[in-house]
Amino acid sequence: QVQLVESGGGLVPAGGSLRLSCVVSGRGFDNYAMAWFRQAPRKERDVVAAISANGGSAYYADSVKGRFTISRDDDKNMVYLQMRSLKPEDTAVYYCAAGAYGSTEINYDYWGQGTQVTVSS
């Protein structure tokens, strides 16, 4: 059984930074692509960033390119999302996901519970 637990969310002023972390328990972490999705109130859940199983490829939503960086540490079974120059429109619940590399929910089989990020203006 693969379980994902996110941490690092919180309240930050516009222009600030946060780093989200996701720890993955269970076997086979290095076989999974990892991704971060987010869901704002009254909106669909959308991909933010994804990283391939070997770390060689990364995808970013246009809205976060140049501001967010996804990374993984296979020794620690961790995936991170470094967020910089945060904007109020980044406010959402952020979810960590594990599965096959891609930019849609259907690619991912395992999900965390989410962590709230709130950016004040």
Side-chain angles (χ1 to χ4, degrees):
Q1 182 75 4
V2 177
Q3 293 185 322
L4 290 75
V5 178
E6 304 96 337
S7 61
L11 175 64
V12 62
S17 299
L18 277 177
R19 188 177 80 155
L20 304 183
S21 300
C22 173
V23 60
V24 181
S25 60
R27 292 179 176 269
F29 174 77
D30 53 355
N31 292 325
Y32 293 112
M34 300 297 300
W36 289 94
F37 286 74
R38 68 185 180 187
Q39 187 169 24
R42 298 174 298 281
K43 293 188 176 180
E44 294 185 351
R45 188 161 59 182
D46 292 321
V47 68
V48 175
I51 188 167
S52 60
N54 65 6
S57 299
Y59 169 88
Y60 294 94
D62 287 343
S63 59
V64 306
K65 281 181 181 176
R67 299 190 298 123
F68 290 13
T69 303
I70 189 170
S71 61
R72 62 188 295 155
D73 184 339
D74 288 0
D75 290 335
K76 297 181 179 179
N77 282 19
M78 297 285 293
V79 62
Y80 305 99
L81 185 68
Q82 179 67 53
M83 305 185 293
R84 298 181 175 89
S85 301
L86 283 160
K87 304 175 182 180
E89 51 263 44
D90 295 317
T91 295
V93 177
Y94 283 70
Y95 298 90
C96 178
Y101 186 60
S103 60
T104 58
E105 290 190 40
I106 197 171
N107 291 90
Y108 298 91
D109 301 310
Y110 304 101
W111 294 82
Q113 293 298 307
T115 186
Q116 176 72 46
V117 172
T118 303
V119 184
S120 62
S121 57

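Atoms considered below: every heavy atom in the structure, side chains included; atoms not considered: hydrogens, waters and symmetry mates.
- The closest donor-acceptor contact from the side chain of Tyr108 to the backbone of Gly102 lies under 3.5 Å.
- Met83 has its side chain within reach of Leu20: a pair of non-hydrogen atoms, C-beta onward, lies under 4.5 Å apart.
- The two residues Ser120 and Leu11 make their nearest non-hydrogen contact at CB-CD1, 4.3 Å.
- The main-chain N or O of Val119 is found under 3.5 Å from a side-chain atom of Thr91 such that the two form a donor-acceptor pair.
- Between the CD atom in Glu105 and the OG atom in Ser103 there is a gap of 11.0 Å [rounded to 0.5 Å].
- Using a 4.0 Å cut-off between a side-chain N of Lys or Arg and a carboxylate O of Asp or Glu, Asp90 and Lys87 do not qualify as a salt bridge.
- Met34 and Val117 fall within the same hydrophobic cluster, where Ile, Leu, Val, Met, Phe, Trp and Tyr residues are linked whenever their side-chain heavy atoms come under 4.5 Å apart, directly or through other members.
- Aromatic pair Trp111/Phe37: ring centres closer than 6.0 Å.
- Minimum interatomic distance between Ser85 and Ser17 (heavy atoms only, all atoms of both residues): N-OG, 4.4 Å.
- Under the ring pair (Phe, Tyr, Trp, His ring centres under 6.0 Å) criterion, Tyr32 pairs with Tyr110, sequence neighbours left out.
- Both Leu4 and Phe29 are assigned to one and the same hydrophobic cluster, defined by single-linkage of ILVMFWY side chains at heavy-atom distances under 4.5 Å.
- Here Met78 is tied into one hydrophobic group with Val5, Val23, Tyr80, each link being a pair of ILVMFWY side chains closer than 4.5 Å.
- Side-chain contact between Ile70 and Tyr59 is absent, with no heavy atoms from C-beta onward closer than 4.5 Å.
- For Asn54, the side-chain hydrogen bond (donor to acceptor under 3.5 Å, both in side chains) partners at least two apart in sequence or on another chain are Ser52.
- Two residues are said to be in side-chain contact when any heavy atoms from C-beta on lie closer than 4.5 Å; Lys76 and Ser21 fail this criterion.
- The hydrophobic cluster containing Val47 does not contain Val79, counting ILVMFWY residues as joined when their side-chain heavy atoms lie under 4.5 angstrom apart, directly or transitively.
- Residues Arg38 and Ala92 approach most closely at CB-CB, 3.8 Å, considering heavy atoms.
- Side chain of Glu6 to backbone of Gly114: a donor-acceptor contact under 3.5 angstrom is found.
- For the atom pair OG (Ser121) and CD (Glu89), the distance works out to 10.0 Å, reported to the nearest 0.5 Å.
- Cluster membership for Phe68 and Trp36, using ILVMFWY side-chain heavy atoms within less than 4.5 angstrom, is shared.
- Considering all non-hydrogen atoms of both residues, Gln113 and Tyr95 come closest at O-CE2, 3.5 Å.
- With hydrogens and angles ignored, the 3.5 Å screen pairs no side-chain donor or acceptor of Gln82 with any backbone N or O of Thr69.
- Formation of a donor-acceptor pair under 3.5 Å by the Asn77 side chain with backbone atoms of Val24 is found in this model.
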